[in-house]
Protein chains: 2
Amino acid sequence: MKILIVEDEQQLANSIQTYLTGNDFVCEWAANAKSAFDKITTYEYDCILLDLMLPDGNGFEILKELKRQNKTDGVIIISAKETLETRIEGFNLGADDYLTKPFHLSELLVRIQALIRRKNFKGSNIVSFNEIEINILSKTVGINNTPIDFTKKEIDLLLYLVGNKNKVLSKSAIAEHLSGDMADMLDNHDFVYAHIKNLKKKLNEAGSGDYIKTVYGLGYKWQHD
Amino acid sequence: MKILIVEDEQQLANSIQTYLTGNDFVCEWAANAKSAFDKITTYEYDCILLDLMLPDGNGFEILKELKRQNKTDGVIIISAKETLETRIEGFNLGADDYLTKPFHLSELLVRIQALIRRKNFKGSNIVSFNEIEINILSKTVGINNTPIDFTKKEIDLLLYLVGNKNKVLSKSAIAEHLSGDMADMLDNHDFVYAHIKNLKKKLNEAGSGDYIKTVYGLGYKWQHD
DNA sequence: CTTCTACAATTAGAATTTTCATCGTGCGAA
DNA sequence: TTCGCACGATGAAAATTCTAATTGTAGAAG
């Protein structure tokens, strides 16, 4: 895990570096905007800690450049400015997190770890489980190395169930999950029956039967070891 | 805006209260778990600041009670404990945010404001704009007081455009927004054309023409004052 | 001004998602 | 055990979303 620290105060940069190195990260340091520019265009980092106030330029310029290069994933802004505006501008430019100075190093560590977890999950397009292998991007599922086509909603449902294995998920929870953003509550959730049925059917045909259990009155669960 | 401060250190509670009152919030203070219990079952708060370590009980107990009462929306945990575990447990119990002591009061304010914005946006199902009024729940849109039916994706697109008025949104950004979770990048985004066309058509028929401008080579924008 | 190219609009149709009506089944009460 | 009822399953139709093929057009280049 490689981290770039863009920060002009040497004291702070040093203590961050020491702390992170002690937690198995590899750190590099850029003390000004120019140096930061050079590094981000040349190397790849898992995470960039970006101070907004630099001696030779504004951190937002760097953020814009990162956005142009499509590398905003993994940026944590570190700033003493704490107005809502700068915060919002940071997020709009694609930063992932925002930390106001002064902060605890442990707080920083937690956020870096959370960010890397998010990033990895987002980056990897394969989720596998027993004889089942799901490729989220291509919307295909392999069962015992035979490819099966599922629709987007079917994969979504499958992942939701698998991700909560041995836990009962209510019909309304599933409905909310599948329908994405818009909240429901008073809506019709019967389409869940249809998706459950289709998913069960396709799994059966592929030989992966009986993972999905109906729990009468409560919902469904993915049952397994 | 009413805020409950659950915190046993009087010094801290006082300074929070003073600061927030100065920023147009109404504050109440609970110095222990028992008092907090009484208040949350009796009154409604827009936001609850919850210290985890209290003289007569653990803050998690209060959080559980809030969950049981379905009032977890608006809880910010304030704690000196800063392990990943307590943090995760807090989020699992439905807390909205987590702040480690010591913190800046301005940081707290920003978070409260962000939280209340989220909460309001989530709670309200009506978004209105000029002669257009959108009810997210019923998936209906009124234009000049005439109801028009849009599909879910059409409303989604409409809201996305309106929410970014006068900003150009690229085709791929729109595609990503509409398709929900799954990341694309290398995928076909032509379905955006279809939705844009349908939306334009329905808006036109309702007499609200010409808000959506095509910006050649860049995307689309909702143009307005 | 004409041509060329890349992007956008349009249309029809395929695939998916959702709704609706009907039927089957588990579980509690008599 | 049998009945009744609420919940789940099913199949087919309706609605929506997405794809694919075609046509139209803005803007750059000659």
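Letters go in sequence order (proteins before strands), and every chain restarts at 1.
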Participant: Measure from NZ or CZ of K202(A) to the centre of the six-membered ring of F150(A), then state whether that distance is under 6.0 Å and the direction lies within 45° of the axis.
Facilitator: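 The answer is yes; both the distance and angle limits are met.
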
Participant: Taking N198(A) for the side chain and A194(A) for the main chain, is one N or O donor matched with an acceptor at less than 3.5 Å?
Facilitator: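 Here the side-chain-to-backbone pair exists.
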
Participant: Which of the following nucleotides, dT11(C), dC18(D), dA8(C), is nearest to the side chain of K153(B)?
Facilitator: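 Of dT11(C), dC18(D), dA8(C), dC18(D) is nearest to the side chain of K153(B).
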
Participant: Under 4.0 Å between a side-chain N or O of Y220(B) and OP1 or OP2 of dA9(C)?
Facilitator: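 Indeed, a polar side-chain atom of Y220(B) lies that close.
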
Participant: Take G219(A) and F150(B), find for each the nucleotide of DNA chain D with the closest heavy atom, and name the residue whose nucleotide sits nearer the 5' end.
Facilitator: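 The residue closer to the strand's 5' end, by nearest nucleotide, is G219(A).
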
Participant: CG of N188(A) versus P of dT17(C): gap in Å, rounded?
Facilitator: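 My rounded result for the distance is 17 Å.
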
Participant: In degrees, rounded to 10°, what is the bend between the two ends of the helix from dC1(C)-dG30(D) to dA30(C)-dT1(D), using five pairs at each?
Facilitator: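 Helix axis angle between the two ends: 30°.
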
Participant: Could you walk me through whether D156(A) and K152(A) pass the salt bridge (charged side-chain N to carboxylate O under 4.0 Å, His left out) check?
Facilitator: CA-CA 6 Å; D156(A) 212 347; K152(A) 232 178 356 193; over 6 Å; no

Participant: If you only use heavy atoms from C-beta on, which nucleotide in dC18(D), dA9(C), dT17(C) is closest to the side chain of K200(B)?
Facilitator: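 The nucleotide sitting nearest to the side chain is dA9(C).
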
Participant: Take K2(A) and E44(A) through the test salt bridge (charged side-chain N to carboxylate O under 4.0 Å, His left out) and record every step on the way to the result.
Facilitator: CA-CA 8 Å; K2(A) 212 165 152 196; E44(A) 292 279 335; over 6 Å; no

Participant: Without decimals, in angstroms, what is the distance between I174(B) CD1 and dT17(D) C1'?
Facilitator: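 Roughly 16 Å, once rounded to whole Å.
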
Participant: Do W29(A) and V6(A) have side-chain heavy atoms sitting under 4.5 Å apart?
Facilitator: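 Side chain of W29(A) against side chain of V6(A), heavy atoms only: no contact under 4.5 Å found.
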
Participant: Between dC18(D), dA6(D), dA8(C), which nucleotide has the shortest distance from any of its atoms to the side chain of Y216(B)?
Facilitator: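 So the side chain of Y216(B) is nearest to dA8(C).
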
Participant: When you measure from the side-chain N and O atoms of H195(B) to the phosphate of dC18(D), is any distance below 4.0 Å, counting only OP1 and OP2?
Facilitator: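 So the side chain of H195(B) is within the cut-off, an N or O lying under 4.0 Å from OP1 or OP2 of dC18(D).
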
Participant: Could you state the atom-to-atom distance from NZ of K171(A) to C1' of dT18(C) in whole Å?
Facilitator: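 The distance from NZ of K171(A) to C1' of dT18(C) comes to 13 Å, rounded to the nearest Å.
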
Participant: Between F191(B) (CZ) and dT17(C) (P), how many Å, whole number?
Facilitator: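 After rounding, the reported distance stands at 13 Å.
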
Participant: To the nearest Å, how far apart are K197(B) NZ and dG24(D) C1'?
Facilitator: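 Going from K197(B) (NZ) to dG24(D) (C1'), I get 14 Å.
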
Participant: Which whole-number value in Å describes the distance from L218(A) CG to dC7(D) C1'?
Facilitator: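 Distance, rounded to whole Å: 11 Å.
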
Participant: What is the nucleic acid contact for K201(A), judged by heavy atoms within less than 4.0 Å: base, sugar-phosphate only, or nothing?
Facilitator: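 No contact at all - K201(A) keeps every heavy atom at 4.0 Å or more from the nucleic acid.
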
Participant: Please confirm whether the shortest side-chain N or O distance from T151(A) to OP1 or OP2 of dT17(C) is below 4.0 Å.
Facilitator: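 It does, given that an N or O in the side chain of T151(A) lies less than 4.0 Å from OP1 or OP2 of dT17(C).
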
Participant: Using whole Å, what does the distance between atom P of nucleotide dT17(C) and atom CD of E154(A) come to?
Facilitator: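 So the CD-P distance, E154(A) to dT17(C), works out to 6 Å.
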
Participant: Can you tell me if K34(B) has over 12 outside heavy atoms packed within less than 6.0 Å of its NZ?
Facilitator: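 At most 12 heavy atoms, drawn from other residues, nucleotides or ligands, come within 6.0 Å of this atom.
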
Participant: With respect to the phosphate group of dC18(D), does any side-chain polar atom (N or O) of K152(A) fall under 4.0 Å of OP1 or OP2?
Facilitator: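 So the side chain of K152(A) is within the cut-off, an N or O lying under 4.0 Å from OP1 or OP2 of dC18(D).
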
Participant: Would you kindly give the CG-to-P distance between L199(B) and dA8(C), to the nearest whole Å?
Facilitator: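 In whole Å, dA8(C) P and L199(B) CG are 17 Å from each other.
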
Participant: Begin with the C-alpha distance, continue with both residues' side-chain angles, and end with the deciding distance and a verdict on salt bridge (charged side-chain N to carboxylate O under 4.0 Å, His left out) for K200(B) and D210(B).
Facilitator: CA-CA 8 Å; K200(B) 275 182 174 173; D210(B) 273 1; over 6 Å; no

Participant: Tell whether Y193(B) reaches the base of dA20(D) with its side chain through a donor-acceptor pair below 3.5 angstrom.
Facilitator: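 When only heavy-atom distances are counted, Y193(B) does not reach the base of dA20(D) through any donor-acceptor pair under 3.5 Å.
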
Participant: Are more than 12 heavy atoms, taken from residues, nucleotides or ligands other than N166(A), located less than 6.0 Å from that residue's CG atom?
Facilitator: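 For N166(A), atom CG is crowded (more than 12 foreign heavy atoms under 6.0 Å).
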
